[in-house]
Amino acid sequence: MNPDDILTANPLREGIANRLTPETCTLVIFGATGDLTHRKLIPALYNLAAEGALPPSLIIRGFARREKTTEEFRKELEASTRKFSRTPVNDELWNNFAATIFYNQSAFDDPRGYSDLAREIQENDVAKGTGGNRLFYLAVAPDQFPIILGHLRSSGLNDDVQGGWARIIVEKPFGMDLASARELNGLVGEVFPEKDTFRIDHFLGKETAQNIMVLRFANSIFESLWNSSHISHVQITAAEPLGVEGRAGYYEKSGAMRDMVQNHLLQLLTLMAMEPPTSLGADAIRDEKVKVLRSLRPLHGDDVFRHVVRAQYTEGLINGQPVASYRGEQGVSKDSTTETYVALQLNIDNWRWAGVPFFIRTAKRMPKGGTEIAVTFKGVPRVLFNQSAQSLDENVLVIRIQPDEGVSLRMSAKMPGSSLRIEPVKMDFHYGTSFGKATPEAYERLLLDAMSGDATLFARCDEVEEAWAFVDGIEEAWKTRSDDLAFHAAGSWGPTEATELAARHGVTWRRM
Ligand code: BG6
């Protein structure tokens with residue numbers, strides 16, 4: 001494509017429901033010198049620009065405390081985009097893209113920073129045609145949210161002007177418990193209406209997460225089996241070989257439960273367990289997801305210790321290299337009880353899922369990285385081919401969220417030969433080979449959706465609160481004791497307590 005085209009192309013693109021057009025705007029990133037901007041947001045925007053997917057005249061304004069010029073800011077972003085972009089950076093495309101980026105230096109609590117920003121946005125609205133549309137991105141620590149929101153309101157930047165719109169994207173963590181999430185929802189709600197509020201859960205932007213609904217509702221063969229009559233259990237795993245990577249300050253307070261389960265993994269669970277929505281509209285889909293969260297059997301008190309295992313990694317080996325224990329990581333307290341591993345057995349008390357155990361497991365410092373959902377179907381009756389002492393393997397449908405995105409189905413087949421030997425085989429679909437193109441990063445999709453005003457892949461306020469209500473029960477019980485905290489060596493698949501948790505339901509955790 002001609003590099004001159006990248007900032008003018010404005011193709012229609014498909015939302016989950018409709019063909020939607022991302023509208024041009026000024027995108028203001030608060031916390032623009034931080035990790036998220038460098039690793040994810042700017043590389044995502046660059047890739048969109050390189051594909052011609054960004055709306056014409058889009059302006060990106062980084063707003064942050066550190067002193068620097070726009071030129072310096074662009075140079076730093078170029079270096080990080082070269083490092084983190086999913087496609088190699090083309091000099092010409094980069095230069096065209098970088099020309100749309102500006103830097104606003106200001107403390108978050110300085111009203112002058114916001115009045116300057118408002119003036120510059122208005123000038124661009126006229127000179128560059130950004131049409132009064134503004135998209136604010138809170139990529140800052142949560143304690144800055146109230147300050148920034150307050151100033152956006154007092155400077156009038158949150159008002160819809162000249163027929164344009166003002167929207168806000170809020171990064172996680174969205175609260176630390178139900179009370180703080182409610183407070184934050186209240187605070188955001190005073191400044192932006194729900195329709196203009198986009199709470200990021202980047203797992204929802206992953207292609208494979210979006211495909212869960214397509215798999216279920218665009219194929220006739222799965223949905224008729226998608227219930228307790230045919231499914232014996234479901235396992236959702238998100239394993240990471242990485243440790244806390246310099247984020248000890250945050251992770252010590254959050255742990256795996258708040259960091260991964262409350263948001264990403266419960267979101268995957270809702271997509272797997274929801275009823276068919278009445279339409280593909282954002283609210284119709286989110287209504288069904290909320291119902292799943294409301295049907296989760298709450299865990300409180302002693303139940304927590306029967307259904308949830310928490311653990312922490314000790315020293316071990318990852319890819320043959322020695323790694324420190326969690327307590328040995330910089331910034332982690334020597335007697336920390338923060339969980340880096342968590343395994344849960346959940347029940348969804350509704351008509352479809354009664355009696356089907358759902359298992360969730362996530363951890364840092366696992367031997368391998370990967371996120372997958374495995375649906376195990378009930379075995380065939382113990383007649384005909386299934387009469388020997390060792391029963392036939394069940395059918396398992398595995399949705400690989402990442403890496404090697406795809407879906408596989410395990411089934412039994414007769415091994416060629418004169419004797420009857422039945423072995424499990426796999427039907428396997430790989431995105432890469434079937435569609436022959438790379439999967440976009442979650443943030444690419446989510447940024448375009450926010451520019452289009454499509455909130456389907458963002459968490460609604462009630463979703464976030466229901467998920468916190470469930471997690472709070474567990475966190476409360478954990479506060480009452482710490483002797484349940486198990487340990488496992490870094491580079492191992494978790495503690496024996498988790499193996500026992502699954503075994504109580506006749507289940508073995510999958511090896512990935
Ligand atoms: C983030 C968590 O939300 O998700 C991290 O804070 C985690 O701890 C990350 O590593 C995992 O996301 P991804 O897309 O790399 O699987």
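What you see is a predicted model; the values in this text were computed from it and never measured. Numbers for residues simply follow the sequence, beginning at 1. Remember, it's 1-based here, ligands and their atoms both numbered in the order they're listed.
Nearest non-hydrogen protein atom to atom 14 (O) of ligand 1 is Lys206 NZ, 2.5 Å. Looking only at heavy atoms of the protein, atom 7 (C) of ligand 1 is closest to Glu240 OE2, 3.4 Å. Scanning the protein for heavy atoms near atom 16 (O) of ligand 1, the closest one is Gln402 NE2, 2.6 Å. Closest to atom 4 (O) of ligand 1, if we only count protein heavy atoms, is His202 CE1, 3.4 Å.
Taking 4.0 Å as the cut-off between side-chain N and carboxylate O, Glu78 and Arg74 do not count as a salt-bridged pair. Salt-bridge formation is not detected for the pair Glu441/Lys206: no Lys NZ or Arg NE/NH1/NH2 atom is positioned less than 4.0 Å from an Asp or Glu carboxylate oxygen. Using a 4.0 Å cut-off between charged side-chain N and carboxylate O, Asp259 and Lys172 make a salt bridge.
When atom types are taken as modelled, the side chain of Asn219 and the backbone of Leu215 share a donor-acceptor pair closer than 3.5 angstrom. For the pair Thr37 (side chain) and Gly31 (backbone), a donor-acceptor distance under 3.5 Å is present. Looking at Arg365, its side chain never comes within 3.5 Å of a backbone N or O of Tyr326 through a donor-acceptor pair. One N or O on the side chain of Arg199 and one on the backbone of Ala459 form a donor-acceptor pair closer than 3.5 Å.
Against a heavy-atom cut-off of under 4.0 Å, His264 is close to the following atoms of ligand 1: 1 (C), 3 (O), 4 (O). Per-residue contacts place Lys364 under 4.0 angstrom from the following atoms of ligand 1 (heavy atoms of the residue considered): 5 (C), 7 (C), 8 (O), 10 (O). Counting the atoms of ligand 1 from 1 in the order shown, those under 4.0 Å from a heavy atom of Asp259 are 2 (C), 5 (C), 6 (O), 8 (O). In summary, the atoms of ligand 1 found under 4.0 Å from a heavy atom of Lys172, numbered by their order in the structure, are 1 (C), 2 (C), 3 (O), 6 (O). Near Phe203, with a cut-off below 4.0 Å to any heavy atom, the atoms of ligand 1 are 12 (O), 16 (O). Of all atoms in ligand 1, listed by their number and element, those nearer than 4.0 Å to a heavy atom of Arg247 are 2 (C), 5 (C), 6 (O), 8 (O).
Heavy-atom neighbours of Glu275 CD from other residues, nucleotides or ligands within 6.0 Å: above the threshold of 12.
When heavy-atom distances to ligand 1 are checked against a 4.0 Å cut-off, Tyr251 has no atom that comes that close, whether in backbone or side chain.
Put simply, no part of Glu245 is less than 4.0 Å from ligand 1, judged by heavy atoms.
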